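Worksheet for the structure shown next.
Quantities reported herein were computed from a predicted structural model and do not represent experimental measurements. Throughout, protein chains are lettered first and strands after them, A, B, ... in sequence-line order, and every chain is numbered starting at 1.
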Amino acid sequence: MGQTLYDKLWNSHLVHQDEDGTALLYIDRHLVHEVTSPQAFEGLRLAGRKPWRTGSVVATADHNTPTTGWEQGIDGIRDAVSRLQVETLDANIRAYGAKAYFPFLDKRQGIVHVIGPEQGATLPGMTVVCGDSHTSTHGAFACLAFGIGTSEVEHVLATQCLVARKMKNMRVTVEGPLARGVTAKDVALALIGRIGTAGGSGHAIEYAGSTIRALSMEGRMTICNMTIEAGARCGMVAVDDSTVAYLKGRPFAPGGGEWDQALAYWRMLRSDPDASFDGEVALDARAIKPQVTWGTSPEMVVPVDDEVPDPDREKDPTRREDMERALAYMGLRPRTRITDIRLDKVFIGSCTNSRIEDLRAAAAVVRGKRVAPSVRLAMVVPGSGLVKAQAEKEGLDRVFRDAGFEWREPGCSMCLAMNADRLEPGERCAATSNRNFEGRQGDGGRTHLVSPAMAAAAAVSGHFVDVRNWR
Amino acid sequence: MEKFTVLDGLVAPLDRANVDTDQIIPKQFLKSIKRSGFGVNLFDAWRYMDHGEPGMDHSRRPLNPDFVLNQARFRGATILLARKNFGCGSSREHASWALLDYGIRCVIAPSFADIFYNNCFKNGLLPVVLPEADVDRLFYECASFPGFRLIVNLEQQSVSTKDGGQTMRFEVDGFRKYCMLNGLDEIGLTLRHADKIRAFEASRREQFPWLFR
């Protein structure tokens, strides 16, 4: 019987397997950031161990870094605790080394899941890990990529391996063309709405179908990124011409004769036609509308032309209670039309939607318009210094600034509000990020997850609008 | 890692589905570069009435009397009873550290998010999956009987009521069980295969040289 892409990636990294299925998996690429690594490096030191292969490490500071005041250097990180964490990463990389380090203020610095692919440090056929759940992003390149905890960061540093058990295979097939204004983000949210935030637990998801094949690499990264919100640790897409075209000429992509050698291997990174999956989900792309979350879990999502659901119509008592609690937190009444929800802030950024294509889509909506006076803050946070530079080259920064958006420095920013960018209690935000959990963007903050185009349209209108009808 | 063998503990019920790691330990506390001291900020936004920041004197902050862990009858709980998909969201291991530092040694739920589940075993915090119907009943009993305790036996893979009236079996992966029963360092165990890793790496380097540039 044929193998799935996941089977192939798993088998090609298997160092050892016990009879009970416990395996040692070899790790090719280890992405490191400042929040989940200090305790791992400390653990190494306390045990008197050395990193196994620092040539696998690509590091950057992204979670704590400010998006303004870079001219002040490290002093621009006002919060002393945040600054210490960034300096600790500096010191650890200085002490141990890395293949590449893009520290705070470097022009190539950025969100770790944006800069990996951008640098060609994420390549097909790799195992990619990082102490961050959105590592699933890199699966867009036919990698086995997943988030790990800090103990595992230490384990990978010390042994270049992870102790793992094979997951089940799930295939999500999306067929058909997407309507104008409907994006990869909407596909991801529609999927989570369908299978729930635990729908992919214990599975590796492969995305397939004509819709996925038609997506750019940026779009595929968005979908793979959101895989963790569907409960699966990793999502992946087979290699095709788009994958190859994206990687060609990237700084860490193979060059010369090795490029052809790599290409021959990469072309095999797809599921065999007769491979079987433990679970199958099919989505019709034509039926997907722009999505907006209304609650405190990404599965609490509806199309923009719908309304906030009514808990009274929910039969399951636990679900009803969850809905009531979410509505109370979100300050929403049942059956409010989504397009009647007014916003205080708009955030365009995060490892989900901060790449050049995302900024182009948002700028196209904003061009020649103004942010609504009722919106207190609309901000664009590019995913990396290079994305920022590219956007500026295309004049997108002017489009945003002229419309009244703030144009910031790269980083994770208000996706998780570890730096100074955050919502105040009760503030309502249209965000292109990935989590609408209670307090995620700041204590008491209310997050609605949407695509970049939907966020941009909401900024201009002051409330959600159906971007399919945008003029 | 601290060993886990048998735990006879007071049970606290947290009756919410999809409890995410942002709730278990909010992001402002992830700035620490240590593994300890997170317990006081476990469920910070639910537990306190004000906004917490690192460096505050948390003992002086106003407690939310409605939050389950603040209720006198659950003081000293070492077992947390939870709903489905516990620990979803971010990979932050700080969530496991915070639960342990607070004193929780075991979480019982119908399901866990994959990364959180994994992180628990690295730290001697035992996640126990029981069928939804059993968890429902435990919630009921926990609410009905003050001082409700359970005995969790990892060797026997069982959860029992104090009177011995009910015993529920749970599944746990053999390797994880072995490490936890003995409090073993997983890195040390993996390094026993160092020669195998080196050999694998050498052949990989030959086959895919561009991965090692």
Item to check | From CA spacing to verdict: salt bridge (charged side-chain N to carboxylate O under 4.0 Å, His left out), B:Arg35, A:Glu154 | outcome: CA-CA 13 Å; B:Arg35 275 176 200 257; A:Glu154 184 181 339; 2.9 Å; yes
Checklist entry - What part of B:Lys34 gets closer than 4.5 Å to chain A, counting heavy atoms only: side chain, backbone, both or neither? => result backbone
Item to check | Side chain / backbone / both / neither for A:Thr197 at chain B, heavy atoms under 4.5 Å | outcome: both
Checklist entry - Do you know which of B:Phe112, B:Phe116, B:Tyr117, B:Trp46 has the most heavy-atom pairs with chain A at a distance under 4.5 angstrom? => result B:Trp46
Checklist entry - Out of B:Gly89, B:Cys88, B:Ala199, which one racks up the most heavy-atom pairs below 4.5 Å with chain A? => result B:Gly89
Item to check | Atom pair CH2 (A:Trp52) and CZ (B:Arg198), whose distance is rounded to the nearest 0.5 Å | outcome: 4.5 Å
Next on the checklist: Let's test your reading of the structure: which of B:Ile187, B:Leu30, B:Asp15 forms the most heavy-atom pairs below 4.5 Å with chain A?
Outcome noted: B:Ile187
Item to check | Distance-minimising heavy-atom pair for A:Glu299 and B:Asn18 | outcome: OE2-ND2, 3.6 Å
Checklist entry - In terms of heavy-atom pairs under 4.5 Å, which option from A:Thr36, A:Asp18, A:Asp28 contacts chain B the most? => result A:Asp28
Next on the checklist: I'd like to know whether A:Glu42 forms a side-chain contact (heavy atoms from CB on, under 4.5 Å) with B:Ile33, so could you lay out the CA-CA distance, the side-chain angles of the two residues, the decisive distance to 0.1 Å, and finally the verdict.
Outcome noted: CA-CA 9 Å; A:Glu42 189 195 44; B:Ile33 56 171; over 6 Å; no
Next on the checklist: Please report the interatomic distance CD(A:Glu19) to CZ(B:Phe175), rounded to the nearest 0.5 Å.
Outcome noted: 14.5 Å
Checklist entry - Is it the side chain or the backbone of A:Glu34 that comes within 4.5 Å of chain B heavy atoms, both, or neither? => result neither
Item to check | Between B:Asp185, B:Asn119, B:Asp22, the one whose heavy-atom pairs under 4.5 Å with chain A are most numerous | outcome: B:Asp22
Item to check | B:Arg169 atom CZ: more than 12 heavy-atom contacts under 6.0 Å | outcome: yes
Next on the checklist: I'd like to know which of A:Glu152, A:Arg319, A:Gln160 tops the heavy-atom pair count under 4.5 Å against chain B.
Outcome noted: A:Glu152
Next on the checklist: Could you measure the distance from the CZ atom of B:Arg213 to the CZ atom of A:Phe252? Nearest 0.5 Å is fine.
Outcome noted: 14.0 Å
Next on the checklist: So B:Ser90 and A:Arg435, do their side chains get closer than 4.5 Å, heavy atoms only?
Outcome noted: yes
Next on the checklist: Under 4.5 Å from any heavy atom of chain A, what part of B:His193 do you find: side chain, backbone, both or neither?
Outcome noted: side chain
Next on the checklist: Under a 3.5 Å distance rule, please check whether B:Asp114 uses its side chain to pair with a backbone N or O of A:Ser201 as donor and acceptor.
Outcome noted: no
Checklist entry - Between B:Trp210 and A:Trp266, how do the two ring planes meet: parallel, tilted or perpendicular, split at 30° and 60°? => result perpendicular
Checklist entry - What distance do A:Ser151 atom OG and B:Phe121 atom CZ have between them, rounded to the nearest 0.5 Å? => result 13.0 Å
Next on the checklist: What part of A:Trp259 gets within 4.5 angstrom of chain B, counting heavy atoms only: side chain, backbone, both, or neither?
Outcome noted: neither
Checklist entry - What part of A:Thr88 gets closer than 4.5 Å to chain B, counting heavy atoms only: side chain, backbone, both or neither? => result side chain
Next on the checklist: Using heavy-atom distances under 4.5 Å, tell me whether B:Phe208 contacts chain A through its side chain, its backbone, both, or neither.
Outcome noted: side chain
Item to check | Nearest atoms (heavy-atom pairs only) where B:Ile115 meets A:Gly147 | outcome: CD1-O, 3.6 Å
Checklist outcome for this item: Cut-off 4.5 Å, heavy atoms of chain B, and the answer for A:Arg440 is both
Next on the checklist: Heavy-atom pairs under 4.5 Å with chain A: which of B:Asn118, B:Asp44, B:Leu189 has the most?
Outcome noted: B:Asn118
Checklist entry - Residues in ring pair (Phe, Tyr, Trp, His ring centres under 6.0 Å) with A:His155, at least two apart? => result none
Checklist entry - For the candidates A:Ser82, A:Cys130, A:Gly125, A:Gly21, which exhibits the highest count of non-hydrogen atom pairs separated by less than 4.5 Å from chain B? => result A:Ser82
Item to check | Segment of B:Ala95 engaging chain A (4.5 angstrom heavy-atom cut-off) | outcome: neither
Checklist entry - Contact part of A:Glu258 toward chain B, heavy-atom cut-off under 4.5 Å: side chain, backbone, both or neither? => result both
Item to check | Atom group of A:Arg49 that falls short of 4.5 Å from chain B, counting heavy atoms | outcome: side chain
Next on the checklist: Would you say that A:Glu438 contacts B:Gln23 through its side chain, given a criterion of any heavy-atom pair below 4.5 Å between the two side chains?
Outcome noted: yes
Checklist outcome for this item: Note: vs chain A, highest number of non-hydrogen pairs under 4.5 angstrom among B:Lys84, B:Glu93, B:Lys196, B:Gln28 is B:Glu93
Item to check | Top of A:Leu84, A:Thr150, A:Thr135, A:Val86 for chain B proximity - count of heavy-atom pairs under 4.5 angstrom | outcome: A:Thr150
Checklist outcome for this item: Between the OG1 atom in A:Thr22 and the CG atom in B:Asp173, the distance rounded to the nearest 0.5 Å is 4.5 Å
Checklist outcome for this item: chain B shares the most heavy-atom pairs under 4.5 Å, among A:Asn434, A:Val153, A:Ile148, A:Ile228, with A:Ile148
Checklist entry - Hey, does the side chain of B:Glu186 reach the backbone of A:Val163 with a donor-acceptor pair shorter than 3.5 angstrom? => result no
Checklist outcome for this item: Residues A:Leu416 and B:Arg92: closest non-hydrogen pair is CD1-NH2, 4.4 Å
Checklist entry - Which region of A:Phe437, side chain (C-beta onward) or backbone (N, CA, C, O), has a non-hydrogen atom less than 4.5 Å from a non-hydrogen atom of chain B, or is it both or neither? => result both
Item to check | Over all atoms of both residues, closest heavy-atom pair of A:Ser133 and B:Ser91 | outcome: N-OG, 3.4 Å
Checklist entry - At their closest point, which heavy atom of B:Leu211 faces which heavy atom of A:Arg53, and how far apart are they? => result O-NH1, 3.9 Å
Checklist outcome for this item: In this structure, CZ of B:Phe200 is separated from CG of A:Leu14 (nearest 0.5 Å) by 7.5 Å
Checklist entry - Just wondering, do B:Trp97 and A:Gln39 contact through their side chains at under 4.5 Å, heavy atoms? => result yes
Item to check | Flag if over 12 foreign heavy atoms under 6.0 Å of NZ, A:Lys168 | outcome: no
Next on the checklist: At a 4.5 Å cut-off on heavy atoms, which part of A:Ala121 comes close to chain B: side chain, backbone, both, or neither?
Outcome noted: neither
Item to check | Least distance between heavy atoms, B:Ala17 atom then A:Asp322 atom | outcome: CB-OD2, 3.4 Å
Next on the checklist: Surrounding OH of B:Tyr178 (heavy atoms of other residues, nucleotides or ligands, distance under 6.0 Å), is the total greater than 12?
Outcome noted: no
Next on the checklist: salt bridge (charged side-chain N to carboxylate O under 4.0 Å, His left out) for A:Asp79 and B:Lys31? Distances and angles first, verdict last.
Outcome noted: CA-CA 10 Å; A:Asp79 180 347; B:Lys31 297 174 184 179; 2.7 Å; yes
Next on the checklist: Heavy-atom cut-off 4.5 Å, strictly under: side chain, backbone, both or neither for B:Arg204 against chain A?
Outcome noted: side chain
Item to check | B:Lys177 vs A:Asp20, salt bridge (charged side-chain N to carboxylate O under 4.0 Å, His left out): CA-CA, chis, key distance, verdict | outcome: CA-CA 12 Å; B:Lys177 176 179 171 179; A:Asp20 74 344; over 6 Å; no
Checklist entry - At a heavy-atom separation under 4.5 Å, does A:Arg422 approach chain B through its side chain, its backbone, both, or neither? => result side chain
Checklist entry - Which answer fits A:His134, side chain, backbone, both or neither, if we ask what part of it has an atom under 4.5 Å from a heavy atom of chain B? => result neither
